[in-house]
Peer 1: 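Handing you this structure, nothing more for now.
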Amino acid sequence: VFFNNKIHNNAGPGVHVERNGNPRMLQNKIFHGKSEGVFVCNNGRGRFEANDVHNNDAPNVKVMSNSEPFFLSNSIHNGKSEGVQVLDSGAGQFHSNNIFENKKSGIQIDTGASPEFRLNNVYKGHTFGIECLHTAKGTFDGNFVYENTNAGILISTHANPHFTGNEVYQGEEQGVLVTEHGQGRFF
């Protein structure tokens with residue numbers, strides 16, 4: 001278990017998990033990296049709980065290539081890119097996180113990604129709250145998406161996510177924008 005550490009000012013990712021790596025990260029501060037704060041790829045796993053991930057140059061959290069980490073009750077904020085980016089067949093579960101004030105989308109899923117987001121707060125992003133692109137799927141249940149600069153939710157380019165019981169409000173533009181062959185299911 002990695003508990004109560006400060007991981008900061010690294011040229012590469014603050015935490016890099018790959019090839020069936022499966023760490024437990026609890027109450028760490030991961031910040032001011034020149035790359036991702038947390039990067040999980042190539043079948044990586046891991047449990048990330050109550051960490052503070054912020055002010056990284058690349059996405060604060062990036063998941064890709066058949067990886068399936070679990071993120072619970074983290075603060076993911078003030079990134080210079082996306083808060084959470086899941087792409088290239090990445091998955092994982094993200095529950096009860098606070099994702100806020102990132103320069104790009106709070107959450108971006110792209111290119112065949114299929115993560116699950118439940119009970120997260122996604123707010124005060126400088127672009128979209130949630131962005132679903134390029135055949136991404138994914139499940140979004142019970143999230144609060146608010147006070148984002150662009151649409152609260154964008155679905156585009158053949159993405160087809162599933163949204164149930166989310167609340168999207170007080171955005172500066174549309175609540176939900178579906179464009180360029182985007183699909184989506186809203187219940």
Side-chain angles (χ1 to χ4, degrees), residues 12-25 30 33 35-49 51 53 56-74 76 79-97 99 102-120 122 125 127-143 145 150-164 166 176-187:
V15 175
H16 187 163
V17 180
E18 63 178 1
R19 298 182 185 149
N20 298 307
N22 193 15
R24 180 146 187 238
M25 308 287 296
I30 304 165
S35 188
E36 296 86 359
V38 176
F39 182 36
V40 185
C41 64
N42 300 323
N43 298 301
R45 303 284 182 267
R47 182 179 177 96
F48 299 83
E49 188 172 348
N51 298 288
V53 185
N56 294 287
D57 287 354
N60 275 323
V61 173
K62 184 174 184 176
V63 176
M64 60 187 292
S65 306
N66 300 307
S67 296
E68 295 186 14
F70 182 72
F71 285 80
L72 174 66
S73 299
N74 298 282
I76 301 168
K80 296 177 184 169
S81 189
E82 292 83 3
V84 175
Q85 183 184 53
V86 184
L87 68 158
D88 296 333
S89 300
Q93 297 178 47
F94 298 81
H95 294 196
S96 302
N97 299 287
I99 303 167
N102 294 286
K103 293 287 182 204
K104 293 187 179 177
S105 297
I107 297 168
Q108 182 191 71
I109 65 170
D110 198 348
T111 319
S114 58
E116 174 187 290
F117 288 87
R118 293 187 193 282
L119 304 173
N120 298 284
V122 183
T127 61
F128 303 100
I130 297 172
E131 187 177 18
C132 303
L133 308 169
H134 303 112
T135 69
K137 294 189 176 165
T139 302
F140 296 84
D141 290 330
N143 299 288
V145 182
N150 296 112
I153 297 170
L154 169 69
I155 302 172
S156 181
T157 54
H158 302 282
N160 192 16
H162 181 121
F163 287 84
T164 303
N166 298 282
V176 177
L177 173 60
V178 182
T179 185
E180 297 181 44
H181 305 284
Q183 298 172 40
R185 293 165 290 162
F186 293 83
F187 299 98

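Just so you know, these numbers come straight off a predicted model, no measurement behind them.
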Peer 1: Roughly how far, to the nearest 0.5 Å, is NE2 of H181 from OG1 of T157?
Peer 2: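 That separation rounds to 9.5 Å.
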Peer 1: Might you work through the side-chain contact (heavy atoms from CB on, under 4.5 Å) test for F94 and I99, ending with a clear yes or no?
Peer 2: CA-CA 11 Å; F94 298 81; I99 303 167; 5.9 Å; no
Peer 1: Would R24 and E49 pass as an ion pair if we require N to O under 4.0 Å?
Peer 2: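 Looking at R24 and E49, the cut-off is met.
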Peer 1: Working to the nearest 0.5 angstrom, can you tell me the gap between I109 CD1 and E82 CD?
Peer 2: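 So the gap between those two atoms works out to 12.5 Å.
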Peer 1: Do you know which two heavy atoms are closest between I30 and V38, and how far apart they sit?
Peer 2: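 Of all heavy-atom pairs spanning I30 and V38, the closest is CD1-CG2, 3.8 Å.
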Peer 1: Which residue, N60, N56, V122, forms the side-chain contact (heavy atoms from CB on, under 4.5 Å) with N102?
Peer 2: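 So, applying the side-chain contact (heavy atoms from CB on, under 4.5 Å) to N102 and each of N60, N56, V122, only N60 qualifies.
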Peer 1: Identify the two heavy atoms, one from A91 and one from P115, that lie closest to each other, and give their separation to 0.1 Å.
Peer 2: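 Looks like O-CB, 3.8 Å.
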Peer 1: Working to the nearest 0.5 angstrom, can you tell me the gap between I130 CD1 and N166 CG?
Peer 2: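 One finds 6.0 Å between CD1 of I130 and CG of N166.
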Peer 1: Hey, what do you get for CD (Q93) to CZ (R47), rounding to the nearest 0.5 Å?
Peer 2: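 The CD atom of Q93 sits 9.5 Å away from the CZ atom of R47.
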Peer 1: Quick one, L72 with S96, criterion side-chain contact (heavy atoms from CB on, under 4.5 Å). Give me CA distance, side-chain angles, the key distance, then yes/no.
Peer 2: CA-CA 6 Å; L72 174 66; S96 302; 4.3 Å; yes
Peer 1: Going by the rule salt bridge (charged side-chain N to carboxylate O under 4.0 Å, His left out), which residues pair with R185 if we only count those two or more places apart in sequence or in a different chain?
Peer 2: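 Counting only residues at least two positions away or on another chain, R185 forms no salt bridge (charged side-chain N to carboxylate O under 4.0 Å, His left out).
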Peer 1: Could you tell me which residues satisfy salt bridge (charged side-chain N to carboxylate O under 4.0 Å, His left out) with R45, sequence neighbours excluded, listed by chain and number?
Peer 2: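 So R45 forms no salt bridge (charged side-chain N to carboxylate O under 4.0 Å, His left out) with any residue.
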Peer 1: So, does N97 use its side chain to make a donor-acceptor pair with the main chain of N120 at under 3.5 Å?
Peer 2: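 A pair under 3.5 Å: no.
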Peer 1: Which residues pass the ring pair (Phe, Tyr, Trp, His ring centres under 6.0 Å) test with F48, not counting sequence neighbours?
Peer 2: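 Only F71 meet the ring pair (Phe, Tyr, Trp, His ring centres under 6.0 Å) criterion with F48.
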Peer 1: So how far is it from K103 NZ to K80 NZ, rounded to the nearest 0.5 Å?
Peer 2: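 Between atom NZ of K103 and atom NZ of K80 there are 9.0 Å.
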Peer 1: Give the minimum heavy-atom separation between N143 and R118, together with the two atoms involved.
Peer 2: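 Nearest heavy atoms, N143 then R118: OD1-C, 3.6 Å.
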Peer 1: Kindly indicate, with the supporting measurements, whether the criterion side-chain contact (heavy atoms from CB on, under 4.5 Å) is fulfilled by V176 and F163.
Peer 2: CA-CA 11 Å; V176 177; F163 287 84; over 6 Å; no
Peer 1: Any side-chain heavy-atom pair from L154 and T179 closer than 4.5 angstrom?
Peer 2: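 In short, these two side chains touch, coming nearer than 4.5 Å.
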Peer 1: Would a distance-only check, ignoring hydrogens and angles, find a side-chain to backbone donor-acceptor pair under 3.5 Å from T127 to S105?
Peer 2: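 Flag set: sc T127 to bb S105 pair under 3.5 Å.
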Peer 1: Say whether, by atom type as modelled, one donor and one acceptor occur between the side chain of N42 and the main chain of R19 under 3.5 angstrom.
Peer 2: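 Judged by distance alone, no pair lies under 3.5 Å.
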Peer 1: Would you say the side-chain atoms of N51 pair up with the backbone N or O of M25, donor to acceptor, closer than 3.5 Å?
Peer 2: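 Checking the backbone N and O of M25 against the side chain of N51, a donor-acceptor pair under 3.5 Å is found.
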Peer 1: With heavy-atom distances below 4.5 Å as the criterion, would you say the side chains of I153 and F140 are in contact?
Peer 2: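 SC-SC contact between I153 and F140 ruled out.
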Peer 1: Which residues satisfy the ring pair (Phe, Tyr, Trp, His ring centres under 6.0 Å) test with F39, sequence neighbours excluded?
Peer 2: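 Ring pair (Phe, Tyr, Trp, His ring centres under 6.0 Å) check on F39 returns H16.
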Peer 1: Using the side-chain contact (heavy atoms from CB on, under 4.5 Å) rule, pick out the option among P59, S65, S67 that qualifies with V63.
Peer 2: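 The residue from P59, S65, S67 that satisfies side-chain contact (heavy atoms from CB on, under 4.5 Å) with V63 turns out to be S67.
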Peer 1: Verify the distance criterion only: is there a donor paired with an acceptor across the side chains of N43 and N20 at less than 3.5 Å?
Peer 2: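 Looking only at side-chain atoms, N20 and N43 do not form any donor-acceptor pair under 3.5 Å.
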Peer 1: Which residues pass the side chain to side chain contact (heavy atoms under 4.5 Å, CB included) test with D110, not counting sequence neighbours?
Peer 2: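 With neighbours one apart ignored, the set is L87, Q108, L133, H134.
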Peer 1: Could you work out, with salt bridge (charged side-chain N to carboxylate O under 4.0 Å, His left out) as the rule, every residue matching E68, not counting sequence neighbours?
Peer 2: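 None.
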Peer 1: How close do P161 and K137 get, counting heavy atoms only, and between which atoms?
Peer 2: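 Heavy-atom minimum between the residues: CB-O, 3.4 Å.
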Peer 1: Would you compute the distance between atom CG of D57 and atom OG of S35 and round it to the nearest 0.5 angstrom?
Peer 2: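 Interatomic distance, D57 CG to S35 OG, rounded to 0.5 Å: 8.0 Å.
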